[in-house]
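Everything on this sheet refers to the single structure shown next.
Below, chain A is the first sequence line, B the second, and so on; all start at residue 1. Worth saying up front: this structure is predicted, and the values here are computed from it rather than measured.
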There are 2 protein chains.
Amino acid sequence: MTRVEELTVGELAARSGVPASALRFYERQGLIHSRRTTGNQRRYSGGTLRRVAFIRASQSVGLPLSAIGEVLALVPADHTPTREFWVRASACWSEQLNERIERMERTRDRFTECVGCGCLSFERCALVDPGGLVT
Amino acid sequence: MTRVEELTVGELAARSGVPASALRFYERQGLIHSRRTTGNQRRYSGGTLRRVAFIRASQSVGLPLSAIGEVLALVPADHTPTREFWVRASACWSEQLNERIERMERTRDRFTECVGCGCLSFERCALVDPGGLVT
DNA sequence: ACTTGACGTCAACCTTTGTTTAAGTTCGAG
DNA sequence: CTCGAACTTAAACAAAGGTTGACGTCAAGT
């Protein structure tokens, strides 16, 4: 009977939907961790599933692995993280997401405005370097 | 006196704020076009400034050059594009932007919900593969 | 014990979006 | 005409985020 507590790469891959190659890559990058069997195979704790889900969710909104790694560094790898860890991590993301959403809304509006206003003068109109391009 | 009608790479770079290397790259990718002098130097039409602005604005919201190229293919390179071309291009972007904004809002809410609900079970909760991860 | 599928490492490769460098050519002001 | 600044190309390099392949080992079923 397989312990639910520990997963092989393959199992983690199957459960998380993330290719094993990517999981090994994440591990090389220090985003997830494993213990090794005597035969040098990886064994992931069940909590790793959560970490992986967090990684993919974060990626899906455009965050780079490096940023994700920084946040995950705050989440203990071994023992189950307290709720607070995830709350903090999420709060951090919400902020970033809100910023991005705002930026996109601004840009969308600018697009519409710029074309709609008839100026069509991209050189001087709001569309050009609205702060989003330079930043 | 310099014609405003034609720009060298350097001038286009200065005016658009985009490095000449990037402009040459865009040209290789077919996003912008130039005529060549007898000495094989590039000369851009004034309208290229608009195309470049469009490219950067589009990029700033995360659209890949390939997608931008497809839309720009609809905008005539030589004669000044009719207003309708830009309207169409913009409409296209608005749609995509709205989609992305919605996706991000959904993800943000899921984050909050997931952590807030106390389940913290990323395996089964809404955060995991909300459709945004697979798509 | 043997076979087979999953696992291990390492290096090479891929895509995107450019930048840098080297070596050589052209432009245009004086 | 001359001279420096600006231009040309091809190719190499970068960084992110992995994938693929080669080749070897481990573990589980029969």
Side-chain angles (χ1 to χ4, degrees), chain A residues 1-3 6-44 48 51-72 96 132-135, chain B residues 1-44 48 51-72 132-134:
Chain A
M1 178 180 155
T2 327
R3 285 243 173 284
E6 291 215 334
L7 304 164
T8 65
V9 241
E11 288 165 347
L12 184 55
R15 290 242 214 153
S16 66
V18 177
S21 64
L23 294 174
R24 293 199 191 94
F25 178 74
Y26 294 158
E27 195 172 331
R28 271 208 302 292
Q29 305 301 305
L31 297 176
I32 57 178
H33 315 278
S34 64
R35 75 168 188 89
R36 296 302 183 108
T37 63
T38 49
N40 195 36
Q41 296 197 355
R42 289 171 178 81
R43 289 299 179 271
Y44 294 102
T48 310
R51 289 178 82 92
V52 173
F54 184 80
I55 293 168
R56 300 302 269 203
S58 305
Q59 276 190 302
S60 85
V61 292
L63 295 157
L65 289 186
S66 55
I68 300 171
E70 282 174 34
V71 173
L72 275 182
Q96 297 219 31
L133 298 182
V134 166
T135 314
Chain B
M1 176 182 158
T2 326
R3 286 242 172 286
V4 181
E5 288 203 28
E6 289 212 319
L7 305 163
T8 65
V9 240
E11 288 165 347
L12 183 55
R15 291 244 213 152
S16 65
V18 177
S21 64
L23 294 174
R24 293 200 189 93
F25 177 74
Y26 293 158
E27 194 172 332
R28 272 207 302 292
Q29 305 300 306
L31 297 175
I32 58 178
H33 314 279
S34 65
R35 76 169 187 88
R36 296 301 183 110
T37 64
T38 50
N40 195 35
Q41 295 196 356
R42 290 170 178 81
R43 288 299 179 270
Y44 294 103
T48 309
R51 289 177 80 91
V52 174
F54 185 81
I55 293 168
R56 299 302 268 204
S58 305
Q59 277 190 301
S60 83
V61 291
L63 294 157
L65 289 187
S66 56
I68 300 170
E70 281 174 35
V71 173
L72 275 183
L133 298 181
V134 166

Does anything in residues 18-35 of chain B reach DNA chain D, meaning a heavy atom under 4.0 Å, and if so which residues? R24(B)
Atom [atom1] of [X] and atom [atom2] of [Y]: how far apart are they, to the nearest 0.5 Å?
{"X": "E11(A)", "Y": "R43(A)", "atom1": "CD", "atom2": "CZ", "result": "7.5 Å"}
{"X": "L31(B)", "Y": "E70(B)", "atom1": "CG", "atom2": "CD", "result": "10.5 Å"}
{"X": "T8(B)", "Y": "Q41(B)", "atom1": "OG1", "atom2": "CD", "result": "8.0 Å"}
{"X": "L12(B)", "Y": "E6(B)", "atom1": "CG", "atom2": "CD", "result": "12.0 Å"}

Just report the end-to-end axis angle for the helix from dA1(C)-dT30(D) to dG30(C)-dC1(D), five pairs per end, to 10 degrees. 10°
Residue list, side-chain contact (heavy atoms from CB on, under 4.5 Å) with Q59(A), at least two apart or on another chain: Y26(A), I55(A), R56(A), L65(A), I68(A)
For E27(A), give me all partners under side-chain contact (heavy atoms from CB on, under 4.5 Å), at least two apart in sequence or on another chain. I32(A), S34(A), R36(A), R42(A), Y44(A)
Nearest heavy atoms of A13(A) and P19(A), plus distance in Å: CB-C, 4.3 Å
What's the shortest heavy-atom distance between R51(A) and L72(A), and which atoms? NH2-O, 3.3 Å
Between protein and nucleic acid, restricted to nucleotides 26-30 of chain C and to nitrogen or oxygen atoms under 3.5 Å apart, what atom pairs and distances do you find?
unit_1, atom_1, unit_2, atom_2, d
dC27(C), OP1, T37(B), OG1, 3.3
dC27(C), OP1, G39(B), N, 3.4

Go through residues 65-72 of chain B and report each residue with a non-hydrogen atom lying under 4.0 Å from DNA chain C, sorted by number. L65(B)
Is any side-chain heavy atom of S58(B) closer than 4.5 Å to a side-chain heavy atom of F54(B)? yes
Provide the start and end nucleotides, 5' to 3', of the part of DNA chain D that has atoms under 4.0 Å from heavy atoms of chain B. dC7(D) to dT9(D)
